[in-house]
Amino acid sequence: MKVLVINAGSSSLKYQLFDMDDESVLAKGNCERIGAHNSVLTHKPTGGDTVEHMEYMKDHMAAINLVFKALTAEEGGVIKDMSEIQAVGHRVLHGGEKLYESTMVTDDVEATIKKHTPLGPLHNPANLAGIRACRQIMPHVPQVAVFDTGFHHTMPEKAFMYALPYEYYTDHMVRRYGFHGTSHRYVSAEAARYLGRTGDPDFKVVTCHLGNGSSFAAVKGGVCIDTSMGLTPLEGIPMGTRCGSIDPAIIEYVMGVENLDIHEMLTVLNKKSGVLGISGIGSDFRDLWIAAEEGNNRAKLALDMFCYSGGKYIASYAAAMNGMDAIVFTAGIGENDWDVRSGMCEYLTFLGVRINLEKNKVKARSILDVTGEGSTVKVLVIPTNEELVIARDTRDIVAAN
Ligand code: AMP
């Protein structure tokens, strides 16, 4: 079965085409700057050369049409025609409390995703645009939605509730949902498999998804029991441009002294904070390390804050699980930035965590075990594969229907 996986953002659309008979990737690509006149699709067939399609993509519908063109083109194409695609899996940010399990897309499912736009104002409309475009262009092909929140739905009440009036939960669904679920699910399962602990209800792992957005999860026996992102992806550790957890009273205070309205304030919290806000340099960790080495104190502070906050999250999740067998680092920073990995682990020696500094300086292409001598906790780097999780769910749901 050939499954197309779509991850639609507001002005971008990433895709991967899988052959699920052997779970191989046939091609992948990215449409960038959708809606702008310099939009471009970069397409990479597995084992072949990258092909660029410089074409104006007015909207997501135009982007999907261009994806099909790239997949079937003479140069770089990997299928003869669209009818070879038997199912499409969509990454969806937020389906609220009721819609969290991967599911076949119906009109009702679309309506529920739309209804939860206030909880995912940047992502849900884009995810919907991708779904609608695919349903329109290929009406007879099953479409499956896979939710970023899904894996975290097993959290107990004490972990997902906020200490606000209880009615805010019952009436307005205000609770912790958590995000990056497909990534936490994939790497926690891979860690269990690698360590021979699959199916072990006592296997306790803290997964650290560190990318532009960063989140942590406490996973016990394959089940998520806590995670650092909340009602929205703004909560948790300071991120590339997001502030992470702050004193909520800061919001009113800063709005007053800076004369900001709530939309401007939310833009500050989402786009101008995090390591960008602290350093004043940017959100890419490679730039921050260079600046810090050159003596830039604010870049160094941003990195220190990131590692400090991460170390504290990992330790608190060891407490949440009353133990910790493994720590897994994944995503852009987690997979590539060994200074961040060792920086976070420095706060964890009291828990028996030791990292092998030499092994840690290897780029992870597959599972990399960086556990140090005498460590009572395994430290692993596992490249994430959210697209594969979506493709697997899509295959399974289509097969079951
Ligand atoms: P992601 O959101 O998972 O794609 O991660 C993107 C982020 O990963 C970038 O903003 C960088 O900060 C970080 N990153 C990617 N490659 C490296 C690298 N080689 N070293 C340090 N950080 C990296």
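Whatever order the structure lists ligands and atoms in, that order sets their numbers, starting from 1.
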Those atoms of ligand 1 less than 4.0 Å from some heavy atom in Ile333: 8 (O), 12 (O), 13 (C)

Ligand-residue contact atoms, ligand 1 with Gly211, heavy atoms, under 4.0 Å: 1 (P), 2 (O), 3 (O), 5 (O)

Close approach, Gly240 and ligand 1, non-hydrogen under 4.0 angstrom: no

Side-chain H-bond candidate by donor/acceptor type, [X] with [Y], under 3.5 Å:
| X | Y | result |
| --- | --- | --- |
| Glu258 | Tyr253 | no |
| Glu97 | Tyr169 | yes |
| Glu386 | Ser183 | no |
| Lys114 | Asn124 | no |

Stacked cation flag Arg176 on Phe160, 6.0 angstrom / 45 deg: no

Tyr162 vs Leu231 side-chain heavy atoms within contact, under 4.5 Å: yes

Quick one: nearest non-hydrogen protein atom to [atom], plus distance?
| atom | value |
| --- | --- |
| atom 19 (N) of ligand 1 | Asn336 CB, 3.4 Å |
| atom 22 (N) of ligand 1 | Phe285 CB, 3.8 Å |
| atom 9 (C) of ligand 1 | Asp284 OD2, 4.1 Å |

Below 3.5 Å, can you tabulate the donor-acceptor pairs from side chains in residues 130-146 to any protein atom, sequence neighbours excluded?
| from | atom 1 | to | atom 2 | distance (Å) |
| --- | --- | --- | --- | --- |
| Arg132 | NE | Glu110 | OE1 | 3.0 |
| Arg135 | NH1 | Asp107 | OD1 | 3.1 |
| Arg135 | NH1 | Glu110 | OE2 | 2.9 |
| Arg135 | NH2 | Asp107 | OD1 | 3.3 |
| Gln143 | OE1 | His90 | NE2 | 2.7 |
| Gln143 | NE2 | Val141 | O | 3.2 |

Nitrogen or oxygen of Asn212 less than 3.5 angstrom from that of ligand 1: yes

Gly332 N/O under 3.5 Å from ligand 1 N/O: yes

Closest to atom 16 (N) of ligand 1 (judged by heavy-atom distance), picking from His180, His209, Arg286: Arg286

Heavy atom of protein closer than 4.0 angstrom to atom 4 (O) of ligand 1: no

